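Numbering of residues begins at 1 and proceeds along the displayed sequence. Both counts, for ligands and for their atoms, begin at 1 and track the order of listing. Just the heavy atoms: all of them, side chains too, but no hydrogens, waters or symmetry mates, feed the values below. Since the model is a prediction, treat every value here as computed from it, not as a measurement.
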Amino acid sequence: MAVLAIGGTVAVVVVVVAVVVVPLVLLTPQTAQFRATFKKRCEAYGETSHICENKWAAFEQAYVGEDHCGFSEGNYDQLFAETNFKHPCGKTMFWSKTKDLVHEFTKKRDCFVTLEDTLLGSVLDGLEWCGKEGNKETYTQQCQKCQPNPVSSFWKTASTRFTQHACGEASVMLDGERKEPYNSNSFFGGVEVPNLQPSKVTHLTVVLVTKESWGSCTCESLGSLRKDLHQGIGCTCKAVARSHVEQCIEENTPCGACW
Ligand code: N1C
């Protein structure tokens, strides 16, 4: 009654408080913060606030109210069905154990695109999340104690769809200092290689990052890589010194000229 008597301004304030504050106080700070990070990264990627709100809703419905153990990978299907990859499929760049270097390399260039350079990949990179049966909160700790869980399932679905989008030539950056630069149990070996479509992808270029000076390599020498790749997909390996890749990043060398 008092509100109505004081006039329009106060009435507006009351409505704003009701619309904005009430939903936030219903969420725990953890949930509110995770949602804010999601929206901030989504908008920083260049999407509108409205689109980011819709993405959040589609993302959240995949895991809220579900226990993180026994999580079904199909839960993200709806989110990905609504989020198409927009990059030219010939620019697909995979990686395994070279995360920081590959992203430094692709950051300023548009000739290669990693999953983290796409909308959902950039929003969720490095985050942890899960729900709990019986409430609508988002938890951000201890979510990966079971396999599959909401985080591993997300990357599995994302990597599968990102790979199915690839066509023509694809590339991968591997760490040549590891005993097994190619590991068939990694996301790259276990999810991406088997999902490369032989009807679409003609060739895979392996960029094997080594410590010093240029060496030589072949796909055949990379464990079971050649065997795991569908027949009909060509494969070349190029050994490149890490310092050389770093120099290309620093000097902004055009893509094709670095290896
Ligand atoms: O297991 P990996 O590497 O071989 O997976 C990398 C491979 C890339 O080509 C990506 O397209 O799989 C995709 N991918 C991601 O994009 C990604 N971002 C963040 C897979 N995993 C990703 N993460 C997290 O890093 C995720 O939590 C997973 O467990 C690690 C995999 O890193 P890795 O072993 O170096």
If you count the atoms of ligand 1 from 1 in the order shown, which ones are under 4.0 Å from a heavy atom of [X]?
X: Asp125; result: 18 (N), 19 (C)
X: Phe94; result: 9 (O)
X: Lys99; result: 19 (C)
X: Leu115; result: 11 (O), 15 (C), 16 (O)

Ligand 1 versus [X]: contacting region, heavy-atom distance under 4.0 Å:
X: Ser186; answer: both
X: Phe188; answer: both
X: Val191; answer: neither

Using distance alone, determine whether [X] and ligand 1 share an N or O pair under 3.5 Å.
X: Phe187; answer: yes
X: Ser96; answer: yes
X: Glu192; answer: yes

Are a donor atom and an acceptor atom from the side chains of [X] and [Y] found within less than 3.5 Å of each other?
X: Thr31; Y: Glu137; value: yes
X: Ser153; Y: Tyr63; value: no
X: Thr163; Y: Thr160; value: no

Q: Determine the minimum heavy-atom distance between Thr205 and Glu169, stating which atoms define it.
A: OG1-OE1, 4.5 Å

**Q.** Under-4.0 Å heavy-atom contact between protein and atom 30 (C) of ligand 1
**A.** no

Q | Min heavy-atom dist Val151 to ligand 1 below 4.0 Å | A | no

Is it true that [X] and [Y] have ring centroids separated by less than 6.0 Å?
X: Phe59; Y: Phe38; answer: yes
X: Phe162; Y: His87; answer: yes
X: Phe105; Y: Trp259; answer: yes

Q | Carboxylate-amine/guanidinium proximity below 4.0 Å for Asp125 and Lys99 | A | yes

Q) Which residue supplies the protein heavy atom nearest to atom 8 (C) of ligand 1, what is that atom called, and how far is it? A) Trp95 O, 3.2 Å

Q.
Both conditions, 6.0 Å and 45 degrees, for the charged tip of Lys132 above the ring of Tyr139: are they met here?
A. yes

Q: May I ask you to check whether the SG atoms of Cys237 and Cys219 are separated by less than 2.5 Å?
A: no

Winner among [options] once heavy atoms are compared against [atom]:
atom: atom 16 (O) of ligand 1; options: Glu116, Lys97, Glu128, Met93; answer: Glu116
atom: atom 24 (C) of ligand 1; options: Phe162, Trp155, Phe154; answer: Trp155
atom: atom 14 (N) of ligand 1; options: Ser152, Gly126, Gly121, Ser159; answer: Ser159

